[in-house]
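In what follows, a structure is listed as structure tokens, so that the remarks can point back to it.
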Amino acid sequence: MQSSVSNKFQATGIPGEFSRSGNQETRGAIINSATEANNVVGRVVNTFDGNNNNVGVAANGNFAGILCSPKTSIRASLAPQAFLPNESQVEVAERGYLFVALGSAAANGDFVYYADATGILATAPPETTAPASHTRLPGGLVKGLNVTDAGVAEIYFDMAGTTAKTA
């Protein structure tokens with residue numbers, strides 16, 4: 001019988017995985033980005049004008065969501081894979097609490113933005129100006145805990161949420 005607990009810290013999640021079971025929504029799509037190396041789980045994708053079944057990083061259509069569910073991706077082998085190949089089936093998160101990779105520190109309540117050209121996520125406090133060449137993730141907020149350095153964080157977003165760039 002266990003008499004003590006040796007690890008008191010909860011493990012951080014995997015980018016692209018949902019962090020909570022409630023209020024999540026995804027859909028399937030086919031990925032086809034102009035730069036295949038941008039097909040990284042946790043990045044934002046858009047639809048293609050005239051074809052809502054295909055998505056791509058920096059595609060010319062509307063916001064589609066965030067590439068998610070890395071364990072559902074089809075892989076040609078078990079070798080490490082830095083990105084998803086074009087023309088493969090992917091899951092796209094449209095709403096929910098999601099683990100993502102952030103490039104810098106962030107505070108609970110910061111707005112979440114994505115780089116228009118690469119889909120990489122960034123954050124900024126609500127009272128500040130949005131990063132250049134970035135669009136606000138609909139309803140995107142840092143949730144859970146403050147992030148003291150670059151790494152995995154929890155965010156919430158909703159396709160029906162606001163994209164206003166200030167509070």
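Residue indices begin at 1 and follow the sequence shown. Not measured: the values here are computed from a predicted model.
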Testing the basics here: between [X] and [Y], what is the closest heavy-atom pair and its distance to 0.1 Å?
{"X": "R136", "Y": "T163", "result": "CB-O, 3.5 Å"}
{"X": "G103", "Y": "A150", "result": "O-CB, 3.3 Å"}
{"X": "G109", "Y": "L141", "result": "O-CD2, 3.6 Å"}
{"X": "G119", "Y": "V57", "result": "N-CG1, 3.8 Å"}
{"X": "A93", "Y": "F18", "result": "CB-CZ, 3.8 Å"}
{"X": "I31", "Y": "G56", "result": "CD1-CA, 4.4 Å"}

Problem set entry | Close side-chain approach of V152 and P15, heavy atoms under 4.5 Å | yes

Got S33 and N86 here, is their nearest side-chain heavy-atom distance under 4.5 Å? yes

Does D116, at its CG atom, have more than 12 non-hydrogen atoms belonging to other residues, nucleotides or ligands within less than 6.0 Å?
yes

Would you give the length of the straight line joining atom [atom1] of [X] to atom [atom2] of [Y], rounded to the nearest 0.5 angstrom?
{"X": "Q24", "Y": "E94", "atom1": "CD", "atom2": "CD", "answer": "12.0 Å"}
{"X": "D149", "Y": "L102", "atom1": "CG", "atom2": "CG", "answer": "11.0 Å"}
{"X": "C68", "Y": "E17", "atom1": "SG", "atom2": "CD", "answer": "8.0 Å"}
{"X": "Y97", "Y": "N23", "atom1": "OH", "atom2": "CG", "answer": "7.0 Å"}
{"X": "F63", "Y": "F157", "atom1": "CZ", "atom2": "CZ", "answer": "5.0 Å"}
{"X": "N32", "Y": "E87", "atom1": "CG", "atom2": "CD", "answer": "4.0 Å"}

Would a single hydrophobic cluster contain both [Y] and [X], if residues Ile, Leu, Val, Met, Phe, Trp and Tyr are joined by side-chain heavy-atom contacts under 4.5 Å?
{"X": "F99", "Y": "I120", "answer": "no"}
{"X": "L67", "Y": "F48", "answer": "no"}
{"X": "V44", "Y": "I155", "answer": "yes"}
{"X": "L98", "Y": "M159", "answer": "yes"}

Students should find that the hydrophobic cluster of F83, defined by side-chain heavy atoms under 4.5 Å apart, otherwise consists of V40

request  = Could you go through the side chain to side chain contact (heavy atoms under 4.5 Å, CB included) check for Y156 and R95 one step at a time?
outcome  = CA-CA 7 Å; Y156 176 79; R95 173 179 62 195; 3.7 Å; yes

Subject >> Any donor-acceptor N/O pair, N46 side chain to A58 backbone, under 3.5 Å >> reply: no

When you measure from the side chain of N60 to the backbone N and O of D49, does any donor-acceptor pair fall under 3.5 Å?
yes

Note to self: Assess, by modelled atom type and distance only, whether the side chains of T118 and N38 contain a donor and an acceptor separated by less than 3.5 Å.
What the structure shows: no

- prompt: Without hydrogens or angle criteria, can the side chains of E154 and S19 be said to hold a donor-acceptor pair below 3.5 Å?
  reply: yes

From the list L137, V112, V100, side-chain contact (heavy atoms from CB on, under 4.5 Å) with T123 holds only for V112

The side-chain contact (heavy atoms from CB on, under 4.5 Å) partner of V92 among V45, T47, I66 is V45

_Working note: T26 + E91, criterion side chain to side chain donor-acceptor pair (under 3.5 Å); need CA distance, chi angles, decisive distance, verdict._
CA-CA 6 Å; T26 67; E91 282 291 312; 2.8 Å; yes

